[in-house]
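Below is one structure, written out as structure tokens; comments come after it.
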Amino acid sequence: MPTKSALAQQLAVVAGFDNPRASLEQYRTPPDLAAHLVHTADLQGDIQSRTVVDLGCGTGMLALGAALRSPARVVGLDIDPAPLSTARGNEHKVGSTTSVSWIRADATAAPLCPPVEETTVVMNPPFGAQSDNEHADRRFLETAAAIAGVSYSIHNEGSQTFVESFAADNGGEVTHAFETEFDLPRQFDFHESDRQAITAEVYRIDWA
Ligand SMILES: C[S@@+](CC[C@H](N)C(=O)[O-])C[C@H]1O[C@@H](n2cnc3c(N)ncnc32)[C@H](O)[C@@H]1O
């Protein structure tokens with residue numbers, strides 16, 4: 001298996017959002033974090049030969065990370081068509097051997113019906129932190145619970161109790177978790193400095 005840092009280097013070419021929409025919390029997951037998530041999933045046997053679905057794929061960072069690790073198929077799904085067009089360009093730049101199906105759809109409406117036991121969801125959903133819509137990520141987790149055997153999701157700091165109870169209430173179990181920090185470049189009016197340090201938490205949930 002290639003290294004995590006090799007994957008991060010491959011993903012460094014993935015372009016972010018041209019005109020990011022604050023209401024959809026559009027920012028690109030940093031390549032290091034995406035590589036960490038996908039490499040961890042690959043080590044757990046959750047990528048190779050499986051269907052991988054990226055809910056809220058944006059410009060494709062997580063979907064493309066998975067596509068570079070020999071899945072059976074990858075679906076990247078976003079409600080906004082603009083980043084999907086960038087994602088297509090990113091797919092060419094990354095040059096993965098597995099092609100990705102890019103779909104415009106609402107991730108909170110469980111828009112796919114793949115074979116649950118063979119499906120892994122990866123996602124960095126909107127947190128709802130800026131829109132008084134606390135736990136906007138809940139509806140993405142509902143979809144993950146409905147369509148996947150296992151999911152990897154990025155949440156804001158302090159989500160442990162929420163994610164663990166949500167998983168337990170929906171027949172799942174958190175099996176792995178790690179905390180990470182990354183810099184978010186200034187891109188929205190409400191950002192007060194050029195870079196903002198974000199602490200995030202990543203959870204693997206087994207829904208079987
Ligand atoms: C934090 S960004 C993550 C983008 C990308 N997954 C990445 O890791 O770089 C959240 C993404 O969720 C998308 N999104 C927000 N609400 C959505 C919905 N209801 N259905 C599908 N996508 C949605 C946004 O357009 C945005 O691309």
Side-chain angles (χ1 to χ4, degrees), residues 7-8 10-41 47 52-68 74-91 93-94 96 100-112 120-144 146-148 151-157 159 180-188 190-191 196 198-203:
L7 182 58
Q10 286 175 289
L11 292 175
V13 298
V14 171
F17 295 85
D18 288 333
N19 295 298
R21 291 167 63 182
S23 60
L24 293 175
E25 296 188 34
Q26 292 184 330
Y27 64 86
R28 185 193 72 148
T29 300
D32 285 1
L33 172 52
H36 191 165
L37 186 155
V38 169
H39 188 71
T40 302
I47 301 288
V52 179
V53 180
D54 180 355
L55 297 176
C57 66
T59 62
M61 181 64 83
L62 296 172
L64 292 169
L68 289 163
V74 179
V75 176
L77 183 157
D78 205 282
I79 201 162
D80 184 358
L84 290 175
S85 150
T86 306
R88 268 185 221 102
N90 283 334
E91 186 179 351
K93 285 203 243 174
V94 164
S96 66
V100 181
S101 300
W102 304 105
I103 297 178
R104 182 188 183 187
D106 182 351
T108 66
L112 300 168
T120 298
V121 158
V122 293
M123 60 180 178
N124 182 5
F127 302 152
Q130 297 296 333
S131 52
D132 291 335
N133 181 18
E134 198 185 0
H135 290 315
D137 40 3
R138 174 189 298 275
R139 299 190 60 203
F140 279 69
L141 283 173
E142 283 168 1
T143 296
I147 69 168
S151 66
Y152 290 78
S153 49
I154 301 174
H155 300 268
N156 53 348
E157 190 178 17
S159 292
T180 182
E181 275 205 5
F182 61 89
D183 274 351
L184 194 59
R186 181 190 176 98
Q187 58 179 12
F188 300 127
F190 57 80
H191 286 166
Q196 187 186 359
I198 302 280
T199 302
E201 298 168 359
V202 181
Y203 294 92

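One-based numbering, in listed order, for ligands and for the atoms of each.
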Exercise. May I ask which of Asp106, Leu64, Thr29 has a heavy atom nearer to atom 19 (N) of ligand 1 than the others do?
Key: Asp106
Quiz item: Is the closest heavy-atom distance from Phe127 to ligand 1 below 4.0 Å?
Solution: no
Self-check item: Check: Arg28 N/O within less than 3.5 Å of ligand 1 N/O
Solution: no
Practice problem: Classify the contact between Ala105 and ligand 1 as side chain, backbone, both or neither, using a heavy-atom distance cut-off of under 4.0 Å. | Solution: backbone
Self-check item: Flag, side chain of Thr40 to backbone of His36, donor-acceptor distance under 3.5 Å
Solution: yes
Quiz item: Under the 3.5 angstrom rule, does the side chain of Glu25 hit a backbone N or O of Pro125 as a donor-acceptor pair?
Solution: no
Quiz item: Among Leu37, Ile79, Ile154, which one has a heavy atom closest to atom 14 (N) of ligand 1?
Solution: Ile79
Quiz item: Considering Pro125, Gly56, Pro83, which one's heavy-atom position lies nearest to atom 12 (O) of ligand 1?
Solution: Gly56
Self-check item: Taking atom 27 (O) of ligand 1 as the reference point, the nearest protein heavy atom with its distance
Solution: Asp78 OD2, 2.7 Å
Quiz prompt | Identity and separation of the nearest protein heavy atom to atom 5 (C) of ligand 1 | solution = Cys57 O, 3.2 Å
Quiz item: What closest approach, in Å, do Ala12 and Arg28 show between heavy atoms, and which atom pair accounts for it?
Solution: O-NH1, 4.0 Å
Quiz prompt | Thr143 side chain vs Ala107 backbone, donor-acceptor pair below 3.5 Å | solution = yes
Practice problem: Step by step, work out the salt bridge (charged side-chain N to carboxylate O under 4.0 Å, His left out) result for Asp78 and Arg104. | Solution: CA-CA 5 Å; Asp78 205 282; Arg104 182 188 183 187; over 6 Å; no
Exercise. Enumerate the atoms of ligand 1 whose separation from the nearest heavy atom of Leu24 is less than 4.0 angstrom.
Key: 10 (C), 15 (C), 16 (N), 24 (C), 25 (O), 26 (C)
Quiz item: At the 4.0 Å heavy-atom cut-off, does Ala136 count as touching ligand 1?
Solution: no
